[in-house]
Every structure is written in structure tokens, then in C-alpha cells.
Amino acid sequence: MSTLIKTDWQILTGFWHFAAKYKHLIIIGLSSMPFSVAANLLFPWLMIKIIDEQIAQGDLSQLPLMLLYMTGVLIMNYISDAVYSYSLRLVGQRTIFDIRQALIARIIKLPRSYFDKTPTGMTLSRLTSDLESIGDSFVLGVLGIIKDSINTIGLLIFLYVINWQLATVILVLFPPILMITQYVRNKLRTLYQITRSSLARSTGYLQECIRGISTVQLYAAEQEVENKYTQLTDEFLHAQVKANGWDAALFSIIAGITTIAMALIIWSGSNLVLSSAVGIGVVIAFINTLEKIFVPIRDFTGQITAIQRSFAAFEHLDELFSEPLEEAEHDLYSDAELGSKLDTFESIEFNDVSFRYKAGDPYVLKNVSFTLNQGQQLALVGSTGSGKSTIMRLLTKTYEGYEGHVLVNGLELARIPKLKLESLFSMMQQDVFLFDQDVSFNIGLAKVDQPAVEEAAKYVYAHEFIESLPNGYATHLQSGGDQLSAGQKQLISFARAMTNNAQLILLDEATSSIDSVTESLIQKALERVFEERTVVAIAHRLSTIRESDQILVLEAGEIVERGSHEELVKQQGVYANLLQEELV
Ligand SMILES: Nc1ncnc2c1ncn2[C@@H]1O[C@H](COP(=O)(O)OP(=O)(O)OP(=O)(O)O)[C@@H](O)[C@H]1O
């Protein structure tokens, strides 16, 4: 089997098309480089000229012109540096912006199976810290390395041309500087890893505690939470302090080596001056250039580490981009093939359907078959874990990969694009997710106008309670609708399901206990839906589904009984038992 592990280079080239869009900016940035290098070389060259050919000769006639040149060179340096940084940083920022947009577009289309196996925090960190890491580490690292390497090589060649003996003095100091920086960087890398992982752990812990704040307060566990958090952040602080120490040490060591180099240059330079091999200007130019060579070398290993660190982020993003969008893999019906076949709901047919969530897992649906025609009501009944919600999830294409056939109006469900189902089916969910927005948004999800929102609310008897809220439909629902009762949340979910006038209502009745006033509203709404629409319902209270045309009783993924309420009662089987339990 061929290995699918990509090299860093392959991953990186996979992202190139994002940056390639800004080729013109990259060309502008890179073409400023020769000017920057030229300025870096011209400056010491002019200095030598001024000292050795003007000052040392006692002839200052050319001095104003030389100073003018120097000013020009400095200005050229600033401008080229600014053009380089501005344009290439802009490329970095725009590229990251585009990657973020592409990532979000991808994430929201990923199948539910992805979200089942991936913690939310991990997906969010791809969009935040991984992208930030690419911005901070990769973009700045690469920009720094390109600029510093070209400048350093240019300067070294220049110094060798001016005087090879003094240039060799500088070159001799390269190996110890590289060794020391490598050693300190390794220490820093380990410490940075500790700081990152301890920060991630403490932030994760804090996130969890804030999410579960009501439990923390209810059980008076504030002190324990505080202690644990202090312990986790202590580790972070400790590693950070150590890292600061090493960072400062590296800085001082390089400053020390620069001083040693200066002493060596002065010492050997003085001898060369005395023997008239070079002018004093050359020695001064060498001293002036030292920092420009040693500081980039100090930063070099850091930039390499930063770039390496960003490879992990690229790898994470690549994984996310490689996550399959399940629907795209299927041979979906074209618009022409569908024609008007899905304009009105006619029937659903489950034909020997089996399903498991993952290959190798046990089947949670086994050979399920049933038919539901327009205008009928089908109820799914069974103990917890028997597979009722799984049937709903297959119908809404939340999960794919069933065995057997599911036909909607005679068309294979797997081949129907999800969007086409939207106007046909509507789901009244058990887990009501309310957005931190007003009631109207929560009902219409910004897809329908206010009259349609109110019409849907009236249909499910939610209008009255919504009107009694402080700002009616404009009332802001905070933290997932904490100010609403479980029943009120359900009514909003019902209204949401009604906004698109879908012909088939998929109903997942809530198990949560509901106050009696809202309960009667919910019952009225359900009765109306059952009377007027085609319904597939998971009902926890059997009273809700009494009037259904067909009741399927599931046990461990299999249909064990089917029939109307009366027929099942007569059978004296599982359904009759469930009914008995409910009455008790
Ligand atoms: N995302 C998932 N991944 C793996 N297994 C799952 C997943 N969701 C449900 N299951 C398993 O599938 C089986 C059927 O679950 P399902 O949610 O369909 O039951 P249910 O009858 O709707 O139960 P309840 O009445 O409690 O909602 C259970 O054994 C459950 O553990």
C-alpha cells in the first residue's frame, strides 16, 4: 500500500496557490532586495572613502558630496526595507485571510462524523492558533531569513574584497556563535513547548470550568478550581521565566562575542594600518559592520525554529482540508435528473436498511424496512439507544453510508443533494440550539422575513408567549436562551421547523419535563402538525402518537413490532408494555 504521509515540502506547496494570487506583491517585495543589499554595501564603502581618501589625506573637498551620497544610500535602504516588509507582510496577511475563509467554508460543510470524532476546541484552534502561528512564525521567519541571508552573504563577500585577513577574523567566530545559539535555541524550544502545552491545558481547564460554572458554584468547588488553575498556570510561568533567562543570556553572549570580534579587529587592524596594508577607514568599516553580521546569525536559528514550528500548523490545516466532504464523493443527481420529482413529497421507503456509525462498529440499524406515504404519520418508539434518532439522522443526511435503499419519491436518498431536501423535510429537534440573537432570528435563521416568522410562530401556538417577552420578537436570547423554559425553547424550535413550509415534519420530541401551561401549548401544536402534515415522529410520550397511521417499535436497531396503536395494544407485546410503564 502506498504511504500517504506528505513531506513538509509537499504540504507547503499545497498551500502555494493561496499566496500565488498575490504574485505581483511578491515580485514588488523581492525586487526591492537588491536595493537593500546595495545600500548595506555602499554605506561602509562610502565610509572607507570618506575616512581614507578625504579625512586621512587632509582633503575635504569631496566630503559634502560623499555625505550627500551617504544620505541617499540611507534613504534608499529605508525605502527598500519598507517596500520589502510592507508588500511581503501584506502577502502574508492576505494569504492567511484567504486560508481562513477557505477553512471556514470547508469546516461548515464537513459531515457530522467529523464533529463526532473531533473536539470543538481542536477545530477552533486550527482557525486561531494554527493560523496565527503561520502568520507569526512562518511569514516573519521566511521574510527574515531571505533578507538576512542575502545581506549577510553580500556583506561577507564585500568584506573579503576589501581585506581578506580581517574578514577571516570575523569568519573564525562563526562556528562558536552558531554552536552557542543552537544550544540555547534547543533549550528555548523545549521551554516554549512546555509553555504552549501548559497554556493550552490551563485554558482548556478554564473553558470547561466557565462552561460548567453553575455546577462549580452549586457544589461550592470554587476554591478547588482556583487551586487547580493556579497549579496549571504555575507551570506556564515557570517555563516562561526560564525561557526569558535563556533569551537574555543569548543576547548577552552575542553582544560579548561582538565585543571580542571588535577587539580582534582593532588589534589585527591596527597592525595592518601600521604596516600601511589598509587605511584606518577599512578598520572602522569592519567594526561598523560587525553587528550587521552577528545579529542576523543570532536570529537565524530562531527563524529556522519558528519556521519548523509553523510546519506543525501547516500539517494541521492540511489535515482539515483533506477531510472528505462525504456528499461530494457520491454520484449526486443532476438538476435535470431531478426535474420536478422533488417538488412535492410523495413517499419515503426504507428497504432493508442497515447502518453503523463506523466501519467495524456494531450495526445500530438492522434490516429496517417501512414505507411512509404523503399525509401519513409514522411514529418511532423504543427504549433508549434502540436506533430511533439514527433513522432521523439518515433521513436528514446527517450521516451517510447506509446499506440497503432509502428512497424519497422513488429516488435514492444518498444521491439527492442535501439542499434539495431542505424544502421537503423539516426537523423539530430535541436539542434546541438557540443562538445569541433575538427571537425572530432564532425562528427564521435570517432566511425568511418577519411575517413568515410570525406566521410560523402562530401555527405552533408560540406567538402569544413570544409577544409577552419584554421585547416580543426582538427579545435577545442570551446564553442559549437561559431566560426561557424548556417548553418555550421547544416551541421556538417548532416554529423554526415550520418556517419553510416543509411537507414532511421530522419530530424529535423532547424528554425534558415541561411546565403544564407550555405542555398544553406543545400538545396543541403537535396535534395540529399530526393532523395537517406528513410526520415521522420519535415520541417519548405515547399519548402524542396514538393517532399515527403506523407505529414502529424498535429494539437494538430492529423493528420488533409494527401497526397502529390499537393493533399493537392487542398484540400485548413490547408496545403494550411500554404503554403500561407510562401509565404507571
Ligand atoms: N455519533 C455516534 N457514533 C457512534 N455511535 C452512535 C452515535 N450516535 C448514536 N450511536 C449509537 O447508536 C445506537 C442508537 O442510537 P440512537 O441515538 O439512534 O438511539 P435512540 O433510540 O434515538 O435513543 P434515545 O431515545 O436515547 O435518543 C446507540 O447504541 C448509540 O450508542
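Everything numeric in this text was worked out from a predicted model, so none of it was measured. We count ligands from 1, going down the list as the structure has it; atoms in each ligand are counted the same way.
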Is the backbone of I551 close enough, under 3.5 Å, to the side chain of Q377 for a donor and an acceptor to pair up by distance?
-> no
Heavy-atom donor-acceptor pair, Q550 side chain to Q376 backbone, under 3.5 Å = no
Within the 3.5 Å criterion, strictly below it, is a donor on [X] or [Y] matched to an acceptor on the partner's side chain?
| X | Y | result |
| --- | --- | --- |
| Y402 | R356 | no |
| Q490 | S493 | no |
| H405 | E412 | yes |
| Y459 | E454 | no |

Examine ligand 1 and decide if any of its atoms is less than 4.0 Å from a heavy atom belonging to R393.
-> yes
Give a yes/no on ligand 1: does G387 have at least one heavy atom closer than 4.0 angstrom to it?
->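 In this structure, G387 qualifies as a contact of ligand 1 - some heavy atom is under 4.0 Å.
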Element-labelled atoms of ligand 1 that are located less than 4.0 Å from some non-hydrogen atom of [X]:
| X | answer |
| --- | --- |
| S386 | 19 (O), 20 (P), 21 (O) |
| S389 | 17 (O), 18 (O), 20 (P), 22 (O), 27 (O) |
| T390 | 14 (C), 15 (O), 16 (P), 18 (O) |

Given that the side chain starts at C-beta and the backbone is N, CA, C, O, which of these parts of K358 lies under 4.0 Å from ligand 1, counting heavy atoms, or is it both or neither?
-> neither
Specify side chain, backbone, both or neither for V364, according to which of its non-hydrogen atoms lie closer than 4.0 Å to ligand 1.
-> side chain
Proximity winner for atom 20 (P) of ligand 1, if only heavy atoms of P362, A556, G385 are counted =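 Result: the heavy atom closest to atom 20 (P) of ligand 1 is in G385.
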Shortest reach to atom 11 (C) of ligand 1 by a heavy atom, considering only F355, F115, Y357 |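 Among F355, F115, Y357, the closest heavy atom to atom 11 (C) of ligand 1 comes from Y357.
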Would you say the ring centroid of Y363 lies under 6.0 angstrom from that of F355?
->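 They do not qualify: ring centres at least 6.0 Å apart.
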